[in-house]
Amino acid sequence: MSEDVKLVDRAVSWLGAYGDTDDLARARDTWEAFDATPPTATVFGAYDSGKSSLLRRLLVDADIPVPDWLTISARHETFEASEITYRDIVLKDTPGVSPGSTDARGESNTATALKAIKTTDVLVVVVTPQLLTGERELVATALDLPWIEGALWFVISRFDEAGVDPDGDQDGYRQLADSKRRELEEELQRTLGRDLKPRVFVASPDPYGVGGPDQTPDPTLWDPFRKWDGMEEFATELASLPPSAVALRAAAAERFWIGEVREQLATLDAQEAEVESVARTTSDLTARVEQLRARLGELRVSAHNDLNAAVGAVVDQAMTSSVLTEEGLKTRLTEALELWLERRGTELAALAQDMEQQLEQQVARPSWQGLKRLIEQLSVHLPKDDPTRESKSHLGDYKKPLLELNRDLAKATTDLKALFESKPTGTKKVAAEAAESSAEKLTKAGKVFKSIDAATKVIPFALEAADLIGQINNDAKEAEAKVQRRAQIEQELEAIKDRAVAENYDAFQSECDKLSAVLNELSTSIDALAKSLDARRKFCDSAREEASTLL
């Protein structure tokens with residue numbers, strides 16, 4: 001097996017491991033369709049470089065009908081890639097590129113042209129005598145692939161406009177042509193940093209515009225110029241392509257699949273940039289969650305201490321009062337507890353609202369929208385493992401663990417999406433309940449707490465306490481017995497106070513637990529996402545490392 005074939009197989013295997021399966025299938029179809037065609041030369045250049053005049057001249061001189069779509073104009077006239085059968089080869093015309101164009105038509109033409117040159121045996125770049133001007137970067141992009149010698153041609157067209165009249169000074173014309181060839185080769189060397197050894201032709205397809213816009217001019221119009229217009233040399237080189245077809249097609253296959261690898265690498269780079277943005281978002285969200293968790297913990301402790309102090313103050317007052325009645329004790333306990341409930345309930349509801357607002361703000365951030373796009377890119381078209389396909393270069397050995405990492409990412413990010421979805425989705429009740437939003441949970445936690453009735457918790461303790469205090473008042477005449485009984489009553493009152501604090505605090509604690517559960521759920525999802533993002537980084541690093549052996 002030749003080195004070129006090995007390289008193609010390795011590139012395809014790499015795409016199978018790191019690329020999108022649908023993209024790979026489309027690339028296979030594109031290449032197979034092209035591989036069934038005769039040797040192909042694709043004409044590429046700016047819209048005013050003279051591409052159409054060059055093609056018309058070739059066809060008219062060969063007595064081949066000029067297609068209706070091939071029109072002669074200095075404006076945009078070609079908007080899609082079109083093919084012409086020229087003797088034993090295919091000539092493919094492309095829309096004229098528009099360097100720096102911001103209009104939709106210009107951008108579309110440029111994209112179409114760049115796509116068309118991916119499948120060609122020979123690339124014919126047409127430039128004006130000014131050589132590479134605005135299209136320099138586009139040409140550099142097109143040539144940044146492994147072009148073998150003989151596969152890259154340049155035509156310096158419209159050379160009758162170069163500044164020397166060939167009819168009056170043919171020697172000067174030839175000298176200028178040689179100078180322009182060297183200038184172009186040097187310019188390409190500087191631009192690309194390597195010598196591509198292109199074939200450079202100098203041509204005047206329609207000297208002095210004698211053919212005008214006519215699609216089928218009389219070829220004898222150009223007879224006076226044939227000795228210097230360069231078209232015979234160019235047509236002869238085109239006719240020599242078939243004998244080199246095998247080598248050219250093998251090189252074309254290498255360029256095509258290397259180009260596909262590069263495009264996929266660019267996609268991975270873009271995704272990794274989003275991964276880093278999402279990683280910063282999750283790190284920030286983790287910090288916010290920890291802050292909220294700390295605030296919740298502080299609220300738990302301070303609420304318990306305040307409740308203990310409020311009930312204790314009422315009980316202590318009852319112990320020192322000889323006139324406190326059962327109703328008065330119940331009223332004071334109820335007032336103390338309701339005041340505590342209102343104050344702490346307000347704080348808890350405020351914390352829940354703050355949590356809700358912070359999460360809503362987080363979801364609205366552009367970086368979070370980037371996460372949604374990332375989820376779609378990485379989980380909608382997960383590569384499908386194909387056990388029947390053999391990897392000739394063993395690049396698929398790592399495919400299984402990478403598939404698992406992709407699926408982990410899909411699951412983690414899907415779980416995180418469900419946590420933030422404002423409305424439940426799905427057909428099953430369990431799925432709907434699982435998709436209940438954090439915001440709804442937080443809101444409920446604040447509202448449920450407000451419904452606690454302090455009086456129902458106070459009454460049994462107040463009755464018990466009033467009965468004990470009444471016993472102290474009834475025993476006033478028996479001092480010694482009173483002292484002993486008072487110690488016992490203090491112990492019992494302390495136990496009652498502890499029960500009152502515990503049962504009332506349990507209700508508050510239950511609502512705190514609901515908020516804590518939301519934070520725990522969020523932390524779990526964030527941790528899972530962070531691990532998946534780290535796995536994606538490793539995936540991209542592995543892809544680049546493997547691709548470096550191909551590029």
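- A side-chain donor-acceptor contact under 3.5 Å links Thr267 to the backbone of Glu263.
- Counting all heavy atoms, side chain and backbone alike, Lys118 lies closest to Glu260 at NZ-OE2, 2.7 Å.
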Test Lys180 against Val202 for side chain to side chain contact (heavy atoms under 4.5 Å, CB included), laying out the working first. CA-CA 9 Å; Lys180 283 292 182 179; Val202 175; 5.5 Å; no
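- A salt bridge links Arg537 with Asp534; the closest basic N to acidic carboxylate O contact falls under 4.0 Å.
- Of all heavy-atom pairs spanning Ser157 and Pro129, the tightest one is O-CD, 3.2 Å.
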Test side chain to side chain contact (heavy atoms under 4.5 Å, CB included) applied to Phe225 and Asp160, step by step: CA-CA 10 Å; Phe225 320 116; Asp160 55 306; over 6 Å; no
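- Formation of a donor-acceptor pair under 3.5 Å by the Arg181 side chain with backbone atoms of Val200 is found in this model.
- Put simply, the side chain of Gln215 gets close to the backbone of Pro67: a donor and an acceptor are under 3.5 Å apart.
- Ala247 and Ile148 make their closest contact through O-CD1, 4.0 Å (heavy atoms, listed as atom of the first residue, atom of the second, distance).
- Here the closest non-hydrogen pair linking Gly211 and Asp206 is N-OD1, 2.7 Å.
- Remark: the backbone N or O of Ala46 is paired with a side-chain donor or acceptor of Ser49 at under 3.5 angstrom.
- For the residue pair Phe44 and Val97, the shortest heavy atom distance occurs at CE1-CG1, 3.6 Å.
- One finds no salt bridge joining Asp178 and Arg182 here, because no Lys/Arg side-chain nitrogen approaches an Asp/Glu carboxylate oxygen to under 4.0 Å.
- No more than 12 heavy atoms of other residues, nucleotides or ligands shown are found within 6.0 angstrom of CD on Glu232.
- Residues passing the side-chain contact (heavy atoms from CB on, under 4.5 Å) test with Glu161, sequence neighbours excluded: Arg158.
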Test side chain to side chain contact (heavy atoms under 4.5 Å, CB included) on Leu132 and Leu188; report intermediate values, then the result. CA-CA 9 Å; Leu132 295 174; Leu188 290 171; 3.8 Å; yes
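- Under a 4.0 Å N-O distance rule, the pair Asp29/Arg26 does not qualify as a salt bridge.
- With Arg56 contributing its side chain and Pro205 its backbone, the two residues share no donor-acceptor pair below 3.5 Å.
- Trp31 CH2 to Trp257 CH2: the interatomic distance, rounded to the nearest 0.5 Å, is 9.0 Å.
- Environment of CD in Glu137: sparse, with no more than 12 heavy atoms of neighbouring residues, nucleotides or ligands closer than 6.0 Å.
- The main-chain N or O of Thr42 is found under 3.5 Å from a side-chain atom of Thr120 such that the two form a donor-acceptor pair.
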Evaluate ring-ring contact (aromatic ring centres under 6.0 Å, His included) for Phe34 paired with Phe256, printing each intermediate quantity in order. CA-CA 11 Å; Phe34 172 70; Phe256 177 83; 8.1 Å; no
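- Taking the ring axis of Trp228 as reference, the NZ or CZ atom of Arg174 does not stay both within 45° of it and closer than 6.0 Å to the ring centre.
- The residues Lys6 and Asp9 are annotated as not salt-bridged, no charged nitrogen and carboxylate oxygen being separated by less than 4.0 angstrom.
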Arg190 vs Glu186, test: side chain to side chain contact (heavy atoms under 4.5 Å, CB included). Steps then yes/no. CA-CA 6 Å; Arg190 288 194 303 271; Glu186 292 170 358; 3.8 Å; yes
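- Partner Leu91 forms a side chain to side chain contact (heavy atoms under 4.5 Å, CB included) with one of Thr40, Leu54, Leu238 and no other, that one being Leu238.
- With Lys51 contributing its side chain and Asp93 its backbone, the two residues share no donor-acceptor pair below 3.5 Å.
- Residues Lys538 and Asp541 are not paired through a salt bridge, judged by the lack of any N-O separation under 4.0 Å between the basic side chain and the carboxylate.
- Within 6.0 Å of CG in Asp88 there are 12 or fewer heavy atoms belonging to other residues, nucleotides or ligands.
- Between Pro146 and Ile258, the closest heavy-atom pair is CD-CG2, 4.5 Å.
- Taking a cutoff of 4.0 Å between a charged side-chain nitrogen and a carboxylate oxygen, Arg249 and Asp35 qualify as a salt bridge.
- Salt-bridge formation is not detected for the pair Arg10/Glu546: no Lys NZ or Arg NE/NH1/NH2 atom is positioned less than 4.0 Å from an Asp or Glu carboxylate oxygen.
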